[in-house]
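Every heavy atom of this structure was used, including side-chain atoms; hydrogens, water molecules and symmetry mates were not. If you're wondering where the values come from, they're calculated on a predicted model, not measured in any experiment.
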Amino acid sequence: MDFIDMLRQAERLNDSLLCVGLDPEPARFPGAWKDDPARIFDFCTAIVDATRDLVIAFKPQIAYFAAHGAEAQLEKLMAHIRAVAPKVPVILDAKRGDIGSTAEQYAREAFVRYGADAVTLSPFMGFDSVEPYLRYPGKGAILLCRTSNPGGSDLQNRRLADVEGQPRVYEHLAALAQGPWNTNGQLGLVVGATYPDEIARVRELAPTVPLLIPGVGAQGGDARATVRAGYRCAADGTPTGLVIVNSSRAVLYAGSGADFAAAARQAAQATRDELNAARRG
């Protein structure tokens with residue numbers, strides 16, 4: 001089953017648009033685990049086990065593992081997710097962006113070493129920095145498009161004078177992802193929840209590609225506005241434009257005591273219900 005099919009299946013089985021981001025910070029771990037990088041796997045698996053029936057995807061951020069020399073724990077975590085939630089896709093948040101043989105190695109890292117179903121990429125170096133990932137049948141490549149950080153406007157919101165219609169950079173990327181770059185239907189786009197108008201514009205230009213939307217929760221993005229801007233379905237309720245709404249810190253650190261996993265579940269369920277109310281309202 002390919003990444004897009006897995007998304008549709010997880011959305012249906014778990015009745016969810018919520019993606020839980022796995023960004024482990026040992027300084028925020030509960031109790032005796034606090035400041036102990038050796039507990040990264042234990043912390044993340046507790047979150048996964050508590051939320052696996054509430055999500056459309058999980059999204060581990062590779063930097064939070066690599067910074068602590070915890071790549072082996074990430075490999076172990078990926079295997080754990082496969083075992084306990086085999087129908088939930090895993091997006092490796094790596095934001096890679098390079099060309100040629102280097103991109104080939106990054107693709108191997110994401111899909112062979114870690115066994116991810118999809119990976120986030122920076123498209124700044126053009127299509128030949130994306131193409132090596134598309135050689136893996138059924139795997140997803142999710143391109144940064146209109147990100148949630150304030151500095152995203154420095155480049156993404158600028159107009160391209162030599163492209164017909166002078167689109168903004170993020171608009172041009174959305175059109176490429178919907179059209180000529182999406183050779184095998186494997187592409188998605190990252191659009192920040194802090195910019196609902198831009199989510200709607202990206203959805204207009206890319207009506208069928210999945211949108212990974214970070215920024216709900218700790219970053220202040222509005223869940224209801226996010227879903228209304230990006231989620232699309234046919235008259236019979238079949239989704240035609242999926243959204244994957246990510247929440248990381250608001251779920252991971254909802255509690256700081258021994259019951260942190262139960263608190264994470266409660267936060268995830270509340271966010272899932274809010275997202276569902278938006279798409280059905």
Side-chain angles (χ1 to χ4, degrees), residues 7 10 14 16-30 33-34 37 39-68 70 73-74 77-78 80-81 85 88-95 110 114 116-121 142 144 146-150 152 188-195 199 210-223 225-227 230 243-256 260-275:
L7 282 176
N14 290 342
S16 182
L17 302 175
L18 173 66
C19 172
V20 169
L22 300 170
D23 302 359
E25 298 180 59
R28 301 185 69 175
F29 287 179
W33 293 2
K34 184 178 174 65
R39 292 294 189 171
I40 285 175
F41 171 77
D42 297 321
F43 177 80
C44 289
T45 54
I47 299 293
V48 167
D49 292 348
T51 62
R52 62 187 179 182
D53 61 331
L54 300 174
V55 299
I56 191 172
F58 286 111
K59 184 177 71 65
Q61 217 306 333
I62 194 169
Y64 285 85
F65 296 84
H68 297 284
Q73 293 187 69
L74 177 55
L77 173 63
M78 299 291 272
H80 179 80
I81 297 173
V88 174
V90 184
I91 302 165
L92 183 66
D93 193 359
K95 299 182 179 68
Y114 292 117
D117 299 296
V119 63
T120 59
L121 303 175
I142 306 177
L144 299 179
R146 183 66 176 103
T147 56
S148 58
N149 61 305
L189 293 166
V190 177
V191 189
T194 47
Y195 299 109
I199 296 173
L211 304 182
L212 173 59
I213 306 180
V216 166
Q219 294 184 55
D222 182 83
T226 292
V227 173
V243 295
I244 311 156
V245 183
N246 184 77
S247 182
S248 299
R249 286 169 288 173
V251 173
L252 299 185
Y253 307 112
S256 58
F260 76 94
R265 178 176 178 82
Q266 186 175 11
Q269 188 148 19
T271 304
R272 183 193 71 163
D273 292 348
E274 185 178 6
L275 296 171

Can you name the closest pair of heavy atoms from [X] and [Y] and give their distance?
X	Y	result
Asn14	Val88	ND2-CG2, 3.8 Å
Ala267	Ala250	CB-O, 3.7 Å
Phe65	Ile40	CE2-CG2, 3.5 Å
Val119	Ala94	CG2-CB, 4.0 Å
Ile213	Gly192	CG2-C, 4.0 Å
Tyr195	Ser148	CE1-O, 3.9 Å

Evaluate the side-chain proximity of [Y] to [X]: yes if any heavy-atom separation is below 4.5 Å, no if none is.
X	Y	result
Leu74	Tyr64	no
Phe43	Leu252	yes
Pro24	Phe41	no
Met78	Pro60	yes

Interatomic spacing from [atom1] in [X] to [atom2] in [Y] - rounded to 0.5 Å:
X	Y	atom1	atom2	value
Asp23	Ser248	CG	OG	4.0 Å
Thr194	Asn149	OG1	CG	8.0 Å
Ile244	Ile91	CD1	CD1	4.5 Å
Asp273	Gln269	CG	CD	5.5 Å
Thr45	Ile81	OG1	CD1	9.5 Å

Of all residues at least two apart in sequence or in a different chain, which pass the salt bridge (charged side-chain N to carboxylate O under 4.0 Å, His left out) check with Arg146?
Glu198
Which residue in the set Thr271, Val243, Thr226 passes side chain to side chain contact (heavy atoms under 4.5 Å, CB included) when paired with Leu17?
Val243
Is it the case that the side chain of Gln61 and the backbone of Ala63 share a donor-acceptor pair, with hydrogens and angles ignored and the cut-off at 3.5 Å?
yes
Judged by atom type as modelled, is there a donor-acceptor pair below 3.5 Å linking the side chain of Lys95 to the main-chain atoms of Leu121?
no
Less than 3.5 Å apart, which donor and acceptor atoms pair up between the side chains of residues 47-59 and the rest of the protein, not counting sequence neighbours?
| residue | atom | partner | partner atom | Å |
| --- | --- | --- | --- | --- |
| Asp49 | OD1 | His80 | NE2 | 2.8 |
| Thr51 | OG1 | Ile47 | O | 2.8 |
| Asp53 | OD1 | Arg265 | NH1 | 2.8 |
| Asp53 | OD2 | Arg265 | NH2 | 3.2 |
| Lys59 | NZ | Asp93 | OD2 | 2.8 |

With Arg28 as the cation and Tyr253 as the aromatic partner, state whether NZ or CZ is under 6.0 Å from the six-membered ring centre and within 45° of the axis.
yes
If you draw a 6.0 Å radius around CD in Glu25, do more than 12 non-hydrogen atoms from other residues or ligands fall strictly inside?
yes
